[in-house]
Amino acid sequence: MTQSATRAFGSRIQTVQVKTTRRTEWVNITPEVNRCVAASGISSGVCHIYVPHTTAGITINEGDDPDVARDMEAAFDRMVPRDAGYKHYEGNSDSHIKASLVGASQSVLIEGGQLRVGRWQSIFFCEFDGPRNREVQIKIQPDPAP
């Protein structure tokens, strides 16, 4: 994964590149998001994580056991099968549906210069139409000065 950054209005926007290897794949991007937070120098605020793709999403779930992500991948594939007579001509309607179910963004509090995630929580990029080269946009917004 690679990163690029720009500054805008007191916040820091960074782009993390994600390369997926399977059609449905949940990639733990927590280390990359943590690096973005650390590089920002912001000790208190909010980290907004956004996926600008219509067939991918972002979620927070258990990251300690990799089988949880694999189970989630399989569950989404069962709930929304790839070929169910959809009308979309590109053949990836299931990917659009899955991405809508997961959502395109998450926000995580920053405290003490670190993401304030639960003990077992990780941030996952959710690929539903891979393999592809994707991007995740991260905006780190500091709390207003007192």
Side-chain angles (χ1 to χ4, degrees), residues 1-9 11-42 44-142:
M1 289 185 219
T2 60
Q3 298 178 19
S4 63
T6 59
R7 283 212 182 269
F9 307 109
S11 63
R12 184 171 177 94
I13 299 170
Q14 298 189 41
T15 301
V16 174
Q17 303 296 321
V18 179
K19 182 178 174 73
T20 60
T21 60
R22 299 189 310 274
R23 186 159 198 279
T24 301
E25 180 177 4
W26 287 33
V27 180
N28 185 341
I29 62 168
T30 310
E32 290 76 17
V33 178
N34 274 323
R35 279 193 281 280
C36 292
V37 170
S40 76
I42 293 170
S44 181
V46 179
C47 177
H48 302 285
I49 306 141
Y50 174 71
V51 174
H53 304 289
T54 61
T55 58
I58 196 85
T59 196
I60 297 173
N61 209 311
E62 182 184 324
D64 186 58
D65 181 350
D67 286 336
V68 172
R70 291 288 186 146
D71 289 344
M72 296 295 288
E73 293 170 9
F76 269 76
D77 286 343
R78 283 191 309 273
M79 287 187 297
V80 185
R82 183 171 185 174
D83 187 15
Y86 306 113
K87 302 210 183 306
H88 182 46
Y89 69 93
E90 289 182 20
N92 63 351
S93 283
D94 65 310
S95 302
H96 292 286
I97 294 166
K98 292 170 188 173
S100 290
L101 291 171
V102 169
S105 66
Q106 293 286 324
S107 295
V108 180
L109 301 176
I110 299 168
E111 189 174 285
Q114 297 184 2
L115 292 170
R116 189 165 175 165
V117 292
R119 178 178 181 160
W120 306 112
Q121 288 182 321
S122 292
I123 302 163
F124 287 93
F125 173 84
C126 305
E127 175 66 77
F128 298 117
D129 196 25
R132 290 186 185 234
N133 292 316
R134 302 288 202 158
E135 67 179 38
V136 176
Q137 297 172 357
I138 298 167
K139 181 175 183 177
I140 300 170
Q141 187 70 45

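Just so you know, these numbers use all the heavy atoms, side chains as well, and skip hydrogens, waters and symmetry mates. Only a predicted model underlies this, so the values are computations on that prediction, with no experimental measurement involved. In this chain, numbering begins with 1 at the start of the sequence shown.
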(request) Decide yes or no on side-chain contact (heavy atoms from CB on, under 4.5 Å) for Val16 and Phe125, but give the supporting numbers first. (result) CA-CA 11 Å; Val16 174; Phe125 173 84; over 6 Å; no

(request) Inspect the surroundings of CZ in Arg22 and state if more than 12 heavy atoms from other residues, nucleotides or ligands are less than 6.0 Å away. (result) yes

(request) Ignoring hydrogens and angles, state whether a donor on the side chain of Thr55 or Asn92 is under 3.5 Å from an acceptor on the partner side chain. (result) no

(message) Can you confirm whether Val102 sits close enough to Phe76 that some side-chain heavy atom of one is under 4.5 Å from a side-chain heavy atom of the other?
(response) yes

(message) Nearest 0.5 angstrom please: Lys139 NZ to Ser107 OG, how far?
(response) 10.5 Å

(message) Are there over 12 heavy-atom neighbours, none belonging to Arg82, within less than 6.0 Å of that residue's CZ?
(response) no

(request) Give, for atom CG of Asp67 and atom CE of Met72, the distance between the pair rounded to the nearest 0.5 Å. (result) 13.5 Å

(message) Please report the interatomic distance CZ(Phe124) to CD(Glu25), rounded to the nearest 0.5 Å.
(response) 11.0 Å

(request) Report the C-alpha separation of Asn61 and Gln121 in whole Å, then their side-chain angles, then the decisive distance to 0.1 Å, and conclude whether the side-chain contact (heavy atoms from CB on, under 4.5 Å) test is met. (result) CA-CA 5 Å; Asn61 209 311; Gln121 288 182 321; over 6 Å; no

(message) Whether Asp129 and Lys98 form a salt bridge (side-chain N of Lys/Arg under 4.0 Å from carboxylate O of Asp/Glu) is what I want to check.
(response) no

(message) Between Trp120 and Val68, is there a side-chain heavy-atom distance shorter than 4.5 Å?
(response) no

(message) Any heavy-atom pair between the side chains of Ile58 and Ile29 that's under 4.5 Å?
(response) yes

(request) Ignoring hydrogens and angles, tell me if any N or O in the side chain of Ser95 forms a donor-acceptor pair with the backbone of Phe128 under 3.5 Å. (result) yes

(request) Check Val37 against Gly113 and note the closest heavy-atom contact, atom names and distance. (result) CG1-O, 3.4 Å

(message) Pair Ile13, Tyr50 - check side-chain contact (heavy atoms from CB on, under 4.5 Å), show working.
(response) CA-CA 11 Å; Ile13 299 170; Tyr50 174 71; over 6 Å; no

(request) Would you check if Ile110 and Val46 make a side-chain contact, meaning some heavy-atom pair closer than 4.5 Å? (result) no

(request) Would you mind reporting whether Glu32 and Cys36 have side-chain heavy atoms less than 4.5 Å apart? (result) no

(message) I'd like to know if the side chain of Thr20 and the backbone of Arg132 have a donor-acceptor N/O pair within less than 3.5 Å.
(response) yes

(message) Is there a side-chain contact between Leu115 and Ile123 in this structure, where contact means two heavy atoms from C-beta onward sitting under 4.5 Å apart?
(response) yes

(message) Can you tell me if Gln137 has over 12 outside heavy atoms packed within less than 6.0 Å of its CD?
(response) yes

(request) Please check if atom CG in Asp64 has more than 12 non-hydrogen atoms from other residues, nucleotides or ligands closer than 6.0 Å. (result) yes

(request) Taking the side chain as every heavy atom from C-beta outward, state whether Ser122 and Val117 have any atom pair closer than 4.5 Å. (result) no

(request) Measure the spacing between CD1 of Ile49 and CD of Gln106 and express it to the nearest 0.5 Å. (result) 7.0 Å

(request) Apply side-chain contact (heavy atoms from CB on, under 4.5 Å) to the pair Val136 and Val18, showing each step before the final yes or no. (result) CA-CA 7 Å; Val136 176; Val18 179; 3.9 Å; yes

(message) Please report the interatomic distance CZ(Arg23) to CD(Glu127), rounded to the nearest 0.5 Å.
(response) 9.0 Å

(message) Any heavy-atom pair between the side chains of Lys87 and Ser93 that's under 4.5 Å?
(response) no

(message) Using modelled atom types and a 3.5 Å cut-off, is there a donor and acceptor pairing between side-chain atoms of Glu73 and backbone atoms of Trp26?
(response) yes

(request) Hey, could you give me the CD/SG distance between Gln141 and Cys47, rounded to the nearest 0.5 Å? (result) 11.0 Å

